[in-house]
Each structure stands twice: as structure tokens, then as C-alpha cells.
Amino acid sequence: MLSETVTVPNGEGTLIGELTVPDTVFGVAVLARSSGSSLHSPRSRALAHTLHDAATGTLVIDLLTADEAAADRAAGRRHHDVDLLTHRLTASIDWLAPQLSDLPVGLFGASTGAAAALGAAAARPGLVDTVVCPDGRPDLAGDYVLGRVHAPVLLLVGGLDTEIVRLNRETANRLRVLNRLRVIPDATHLFEEPGALDEVASVAARWFAGMGQSPI
């Protein structure tokens with residue numbers, strides 16, 4: 001298995017990512033967050049490990065630098081700047097695609113990163129094969145972006161996170177492509193209940209395995 005720290009240009013600076021490619025691989029998932037802690041997050045590492053076991057490579061990347069994320073904890077502006085996050089995720093896809101020898105690419109965007117993932121999929125329809133949005137705000141992408149997404153979309157939400165369930169259900173109805181809304185029973189925000197995150201990782205791995213065509 002190849003694993004390396006990579007520097008990804010975004011037009012205004014660089015982002016740090018961790019690229020891992022198993023010996024047997026059929027696609028790569030970009031795990032994008034806007035918290036400034038993805039590379040060291042136990043959640044991100046657990047998810048990446050599950051995907052690796054399912055022969056899916058990963059690019060784990062923070063869409064905000066550590067300094068930006070630290071400054072953002074007070075104001076929260078960049079974390080909610082969907083246009084900025086979309087631009088940086090799109091730049092990450094542009095950097096990654098030439099290195100993959102035509103392997104399929106999937107996007108995994110949580111929180112406001114869900115809207116960014118959909119925006120990047122709309123911006124790069126020829127490069128993005130599927131999108132997974134766990135516990136996210138895909139509704140923030142807006143109708144114009146949602147109407148331009150051509151890749152299959154999987155939405156994952158906790159059953160007890162009722163407002164996010166509602167927003168994700170509305171988003172599913174607004175998408176014009178194959179999509180699935182999977183509700184994890186008895187789970188709340190961030191899937192912190194025992195076994196909930198494992199189920200999210202397992203469902204996402206099966207979805208990425210078929211790049212949107214696998215049953216869940």
C-alpha cells in the first residue's frame with residue numbers, strides 16, 4: 001500500500017493531504033472536510049481504513065489550512081464559505097485526476113463540505129463519478145448547482161438529527177440524478193453513538209465500490 005503526504009495547489013496557496021492507494025484499487029475517494037483537522041481525526045482515519053479494506057484509495061484533505069481553521073473557530077466565515085470550499089475541492093480534483101490512470105474518483109464531504117462536494121461534482125462532471133455526503137448540509141449547494149450534478153449521490157444522516165434529515169430529504173428531491181438517502185437509526189449529529197460511524201463507513205465503502213451503483 002502506498003501512503004504519502006502530498007501538497008495540493010489551489011491557485012492561492014497549498015493544502016496538505018494524505019494520499020493512500022492500496023495494492024489492489026479500483027477507485028479513489030477524496031475525503032474533504034472544512035475543520036482543519038481531517039488528517040489527524042480518528043473519524044477520518046477510521047473511515048479511510050474501511051475504504052482501504054474495500055480496495056478504495058483515499059485522499060484525505062482539509063479544505064482550510066490549520067491557521068484558517070483556528071481563526072475560523074471564532075467567526076466561522078470560511079467554514080461556511082461554500083464557494084471557497086468548492087473552489088479548493090475542485091482544485092484538489094484537478095491535481096489528483098492526472099495521477100490516477102483513469103481510476104474512478106468519488107467525493108466524500110461532511111458538514112458544509114457536502115455542499116462543496118456537490119459543487120465540485122457539478123464543476124467537473126467528467127472527473128467525478130459519485131458523491132457521498134454524511135451528516136452534511138448539501139442543501140447549501142443551491143438549486144443551480146444541484147441541477148448540474150451528474151454523478152450519483154448518497155446522503156447519510158442520523159435518524160435522531162431531525163432537522164438534517166429534513167434538509168437532506170429535500171435535497172434528495174431536488175437532485176436530478178440517481179440518489180439515495182440512508183438514515184442511520186438512533187444516531188445523532190456526527191454519528192457518535194456506538195456502531196453508528198462503523199455503519200456509515202461500511203455503507204460508504206459499498207457505495208464507492210460500485211461508484212454509485214451498489215445496493216445499500
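D129 places a side-chain N or O within 3.5 Å of a backbone atom of V105 that can act as its donor or acceptor partner. Using modelled atom types, one side-chain atom of D23 and one backbone atom of M1 make a donor-acceptor pair closer than 3.5 Å. D62 places no side-chain N or O within 3.5 Å of a backbone atom of T65 that could act as its donor or acceptor partner. Without hydrogens or angle criteria, S202 side chain to D198 main chain gives no donor-acceptor distance under 3.5 Å. Between the H87 side chain and the N10 main chain, a donor and an acceptor come within less than 3.5 Å of each other. With R88 contributing its side chain and L63 its backbone, the two residues share a donor-acceptor pair below 3.5 Å.
For D161, the salt bridge (Lys or Arg N to Asp or Glu O under 4.0 Å) test picks out no residue, with sequence neighbours left out. Judged as a side chain to side chain contact (heavy atoms under 4.5 Å, CB included), and not counting sequence neighbours, the contacts of A201 are L47, T50. Residues passing the side-chain hydrogen bond (donor to acceptor under 3.5 Å, both in side chains) test with H52, sequence neighbours excluded: T58. Applying the side chain to side chain contact (heavy atoms under 4.5 Å, CB included) rule to A114 yields the partners C133, P138; only residues at least two apart in sequence or on another chain are considered. For the salt bridge (Lys or Arg N to Asp or Glu O under 4.0 Å) test, no residue two or more places apart in sequence or in another chain qualifies with R43. In terms of the salt bridge (Lys or Arg N to Asp or Glu O under 4.0 Å) criterion, E193 has no residue partners (sequence neighbours excluded). Applying the side-chain hydrogen bond (donor to acceptor under 3.5 Å, both in side chains) test to D83 and every residue at least two apart in sequence or in another chain returns nothing. Every side chain to side chain contact (heavy atoms under 4.5 Å, CB included) that N179 has, sequence neighbours left out, goes to V153, A172, L175. With sequence neighbours excluded, no residue forms a side-chain hydrogen bond (donor to acceptor under 3.5 Å, both in side chains) with H150. Not counting sequence neighbours, the partners of T20 by the side-chain hydrogen bond (donor to acceptor under 3.5 Å, both in side chains) test are S3. Residues meeting the salt bridge (Lys or Arg N to Asp or Glu O under 4.0 Å) test with E192, sequence neighbours left out: none.
Shortest non-hydrogen contact noted between F26 and F208 is CE1-O, 3.4 Å. Shortest non-hydrogen contact noted between V25 and G57 is CG2-N, 3.6 Å. When all heavy atoms of A204 and V132 are compared, the pair lying nearest together is CB-CG1, 4.3 Å. Summarising the geometry of S92 relative to L15, their closest heavy-atom pair is OG-CD1, 4.2 Å, with the distance given to 0.1 Å. The nearest pair of heavy atoms linking G27 to L103 is N-CD2, 4.2 Å. Of all non-hydrogen atoms in V183 and G159, the two that sit nearest each other are CG1-CA, 3.3 Å.
Residue pairs meeting the side chain to side chain donor-acceptor pair (under 3.5 Å) criterion with at least one partner in residues 95-106, sequence neighbours excluded, are absent.
Between N173 atom CG and T171 atom OG1 the span is 8.5 Å, to the nearest 0.5 Å.
Side-chain contact between R174 and D139 is present, with at least one heavy-atom pair separated by less than 4.5 Å. For the pair I16/V8, no side-chain contact is recorded, criterion being any heavy-atom separation below 4.5 Å from C-beta on. Side-chain contact between R124 and T90 is present, with at least one heavy-atom pair separated by less than 4.5 Å.
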